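The structure appears right after this line, and notes come after that.
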Amino acid sequence: MKGKVAVYPGSFDPITFGHLDILHRGLELFDTVIVAIANNIEKKTLFTVQERKELIRGSINKDDKVIVDSFDGLLVDYVKKVDAPFVIRGLRAMSDFEYEFQMASMNRNLNPEMDTLFMMTSKDYFFVSSRTIKEVAAFNGSVAVFVPEVVELSLKEKFSHK
Ligand code: PNS
């Protein structure tokens, strides 16, 4: 990995244009961004880790500056493993703040060398979340303006079997 590296962690279940906005802006600041999918066993996800990886890869033009990976366990351990102390997170609204503040503080407590950078989500996406996207898609609503086509098609496929 070249230059300054940041980790962009999340569930990405599935990736949205809101995530991609943060990723592209992160790439303005860092030489390499690792999109790290948390394999959180407590969280029931619609897409498997492998599917989420493929959706992310299908949503970005092939770019040597972006690495798509997944991790089990604590983010602080993953960040140590890849030797990248900066983490990027998007902030949509005040409601995100408390959770993000707790997480960043806990992570910094566990590893004082780690730092979290927050970027305000663009105004077009501040109300977009993977959760609401799944809910709209589940009831056959259109999510085309919020997610890449590959994600839209996969959501249709998932919910056509339900
Ligand atoms: O997209 P999400 O679900 O908001 O992402 C949350 C995520 C994956 C970044 C967070 O849950 C996480 O880092 N999970 C890994 C486990 C961990 O390190 N937890 C301690 C944070 S207090």
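Everything quoted here is computed from the prediction, not taken from an experiment. Just so you know, ligand 1 is whichever comes first in the structure, and atom 1 is the first atom listed for that ligand.
A salt bridge does not link Arg89 to Asp96: none of the charged nitrogens lies less than 4.0 Å from a carboxylate oxygen. The pair Lys158-Glu51 meets the salt-bridge criterion, with a side-chain N (NZ, NE, NH1 or NH2) lying under 4.0 Å from an Asp/Glu carboxylate O. A salt bridge links Asp115 and Arg108; the closest N-O separation between the charged side-chain nitrogens and carboxylate oxygens is under 4.0 Å.
Taking the six-membered ring where the residue is Trp, Phe30 and Phe86 present tilted rings, their angle falling between 30° and 60°. Below 30°, between 30° and 60°, or above 60°: for Phe101 and Phe97 the angle between ring planes is below 30°, a parallel geometry.
Judged purely by distance below 3.5 Å, without hydrogens or angles, the side chains of Asn39 and Ser70 never pair a donor atom with an acceptor atom.
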Are any protein N/O atoms closer than 3.5 Å to the N/O atoms of ligand 1? If there are, list each pair with names and the distance to one decimal place.
from	atom 1	to	atom 2	distance (Å)
ligand 1	1 (O)	Ser11	N	2.9
ligand 1	3 (O)	Ser11	OG	2.5
ligand 1	3 (O)	Lys43	NZ	2.7
ligand 1	4 (O)	Arg89	NH2	2.9
ligand 1	5 (O)	Arg89	NH1	3.3
ligand 1	18 (O)	Leu75	N	2.8

